[in-house]
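Worksheet for the structure shown next.
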Amino acid sequence: MSKQMQISVPIRAPSWVSTRRIFQQKLQDLHKCTNLNHIKQVHAQILKQNLHQDPYVAPKLISAFSLSQQMALAIYVFKQIPDPNVHLYNTFIRACVQNSLSLLAFETFFEMQRNGLFADNFTYPFLLKACNGQSWLPLVKMIHNHLEKYGFFQDLFVPNSLIDSYCKCGLLGVKSAMRLFMAMDERDVVSWNSMIRGLLKVGELSEARKLFDEMPMKDAVSWNTILDGYVKAGEMNKAFGLFESMPERNVVSWSTMVSGYCKAGDMEMARMLFDRMPVKNLVSWTIIVSGYAVKGLAKDAIRSFEQMEEAGLKPDDGTVISILASCAESGLLGLGKRVHTSIERIRYKCSVNVSNALIDMYAKCGQVDRALSVFNGMLKKDLVSWNCMLQGLAMHGHGEKALQHFSRMRQEGFRPDKVTLVAVLCACVHAGFVDKGIQYFNNMERDYGIVPHIEHYGCMVDLLGRGGRLTEAFRFVQSMPLEPNVVIWGTLLGACRLHNAVGLAEEVLDYLVKLEPSDPGNYSLLSNIFASVGDWSNVANVRLQMKNFGIQKPSGASSIEVDDEVHEFTVFDKSHPKSDKIYRMINRLGLDLKRVHVVPKVYL
DNA sequence: AGTTCATAAT
């Protein structure tokens with residue numbers, strides 16, 4: 001540096017102090033801003049001014065990117081900071097949790113510790129949230145230890161959150177929660193409620209009831225929690241008794257009861273309670289619409305949905321997703337479309353989750369093209385979107401297309417999860433790509449780091465079985481590292497029926513009956529196998545065996561939706577007013593099929 | 001920079 005140069009530069013505050021003041025206004029509300037373009041603009045200006053490492057600026061940017069679900073950019077901003085302080089770490093951990101990057105949240109936490117920084121009372125609640133839905137019992141325990149060690153236990157909020165997080169980790173977690181709960185010298189109503197909820201989650205209804213009776217102070221949540229316990233256990237009579245004896249009933253109490261009757265299939269009772277509700281909210285309407293939808297009562301479901309809109313309620317994401325899921329379950333395309341148009345009227349574009357629900361609904365209702373058009377119209381897709389679409393293609397036998405979809409998905413940088421691989425294997429099953437499927441299965445751990453789950457083994461049994469490689473399938477089941485379940489044996493039995501493998505079928509049924517002795521479906525399958533090879537004496541034997549066990553076969557029914565009405569029919573059903581015409585049509589179809597040498601099989 | 005528990009849910 002020359003002497004002249006030093007002299008010519010006047011002494012003043014570093015340039016960023018003044019430019020920062022200019023940004024102050026812009027940054028004020030940036031962390032609440034959802035307009036991505038605006039954030040990106042500000043980001044560009046900040047980079048230009050070299051302010052991106054400023055301890056005031058960086059957290060605002062990270063929060064803003066996190067809120068508009070741009071974690072890639074948030075990570076980019078965070079990584080450019082050489083020595084983040086605790087505040088910055090907290091901001092970034094919160095961003096990870098908000099975007100369900102739980103693993104990254106913990107990695108960041110450990111990095112923070114390696115850098116010699118201590119987590120504070122802001123960090124731990126975020127970390128607990130990251131554990132939600134992950135069943136990370138050891139990590140919850142670790143957080144528990146830290147909180148105790150550093151004396152963060154003054155506020156009841158801390159142990160209460162711990163109880164809740166513990167209870168989300170299954171039976172062992174609930175036990176830990178109980179130990180903590182017992183050791184607490186002060187408890188508030190939330191502590192009790194959380195503990196009761198936890199016990200109910202692992203099916204300990206009587207334990208929960210004991211605790212409920214012991215409670216010194218019960219609020220509306222306590223009553224509703226235990227009420228839901230009885231409802232979930234299917235004990236509607238006890239639930240109703242409790243409901244009647246409640247000191248006060250709010251929307252949640254009423255909705256819980258309505259949902260219980262819907263699940264029990266008692267739509268009359270559900271509707272009666274629903275009509276008597278003093279206040280109805282979005283959740284209550286969702287429950288009744290879904291209730292009708294799951295039962296296939298398309299007309300009632302659509303009417304209720306319209307009533308909801310007439311009442312001035314606008315369905316939100318939860319409502320829409322829940323109703324669409326019910327449509328997918330029972331194939332109510334009519335209601336699904338109705339909901340779709342309603343969303344398009346209200347919103348300019350759907351959220352990712354809503355679009356995913358739409359894809360799933362269209363695919364499950366057999367409308368792969370519509371599913372594809374929703375999928376292609378999405379600006380931002382997540383793993384669930386790709387998985388739903390993949391499943392839809394696979395389910396309807398578009399094996400080739402599904403595998404193309406799978407490779408496109410990897411090209412766009414998505415990491416396949418276990419659901420993806422089930423769909424891929426399913427695609428191979430339905431397209432008859434036996435060897436390709438075996439290859440995917442054998443390499444899934446190496447290529448994608450996914451250890452095969454029971455579902456993947458099920459796909460393999462289906463793949464080999466349908467492909468006619470029955471002995472191979474049987475040997476595969478016997479050599480599985482996991483205990484074969486009902487689905488596995490059932491799949492194999494189905495394959496036996498497909499290929500009339502009577503001997504193997506009997507062997508498989510032995511295993512199946514051991515696991516599920518009273519399931520009529522198993523016997524029907526075997527009886528059908530005997531029937532298909534003309535072994536009528538054995539058909540009679542199986543029927544007799546069923547009778548001895550007191551098992552009745554429910555007649556399987558098919559259904560078809562015409563003009564928003566679902567028609568259900570069974571074998572030899574003559575109950576329809578136009579039954580004559582229908583059977584004349586069936587006979588004609590049978591003749592047409594014979595002409596092209598297709599012989600339909602008739603099962604009992 | 002932020003709080004916990006109850007009804008629908010991809």
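Between A/Y150 and A/H146, the angle of the ring planes goes over 60°, which puts this pair in the perpendicular group of the 30/60° scheme.
Judged as a side chain to side chain donor-acceptor pair (under 3.5 Å), and not counting sequence neighbours, the contacts of A/D219 are A/N193, A/S222. Residues forming a salt bridge (charged side-chain N to carboxylate O under 4.0 Å, His left out) with A/K314 (at least two apart in sequence, or on another chain): none.
Rounded to whole Å, the distance from CZ on A/F122 to P on B/dA1 is 9 Å. Atom CG of A/N121 and atom C1' of B/dT3 are 11 Å apart (whole Å). When the P atom of B/dA6 is taken as reference, atom CZ of A/F212 falls 15 Å away, rounded to whole Å.
The pair A/E214-A/R209 does not count as a salt bridge, with every side-chain nitrogen at least 4.0 angstrom from each carboxylate oxygen. Under the 4.0 Å criterion applied to side-chain N and carboxylate O atoms, A/E207 and A/K210 are assigned as salt-bridge partners.
Across all strands, A/N387 comes closer than 4.0 Å to no nucleic acid atom at all (heavy-atom distances). Within 4.0 Å (heavy atoms only), A/S194 reaches sugar-phosphate atoms of the nucleic acid but no base atom.
Listed candidates were B/dG2, B/dA1, B/dT4. Nearest to the side chain of A/P125 is B/dG2.
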Practice prompt. Apply side chain to side chain donor-acceptor pair (under 3.5 Å) to the pair A/N353 and A/D317, showing each step before the final yes or no.
Written response: CA-CA 8 Å; A/N353 291 340; A/D317 279 18; 5.9 Å; no
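Residues from residues 162-169 of chain A placing a heavy atom under 4.0 Å of any atom in DNA chain B, listed by number, are A/D164.
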Listing time: all N or O pairs from protein to nucleotides 7-10 of chain B that are below 3.5 Å?
from: B/dT7; atom 1: OP1; to: A/R197; atom 2: NH2; distance (Å): 3.4
from: B/dT7; atom 1: O2; to: A/S255; atom 2: OG; distance (Å): 3.3
from: B/dT10; atom 1: O2; to: A/N353; atom 2: OD1; distance (Å): 3.3

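Residues in residues 311-341 of chain A take part in these ring-ring contact (aromatic ring centres under 6.0 Å, His included) pairs, two or more places apart or across chains: A/H340-A/Y362.
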Without placing hydrogens or testing angles, list every side-chain donor-acceptor pair under 3.5 Å for residues 414-425 of chain A, not counting sequence neighbours.
from: A/D417; atom 1: OD1; to: A/N387; atom 2: ND2; distance (Å): 3.1
from: A/D417; atom 1: OD1; to: A/V419; atom 2: N; distance (Å): 3.2
from: A/D417; atom 1: OD1; to: A/T420; atom 2: N; distance (Å): 3.0
from: A/D417; atom 1: OD1; to: A/T420; atom 2: OG1; distance (Å): 2.7
from: A/T420; atom 1: OG1; to: A/N387; atom 2: OD1; distance (Å): 2.7
from: A/T420; atom 1: OG1; to: A/D417; atom 2: N; distance (Å): 3.0
from: A/T420; atom 1: OG1; to: A/D417; atom 2: O; distance (Å): 3.4

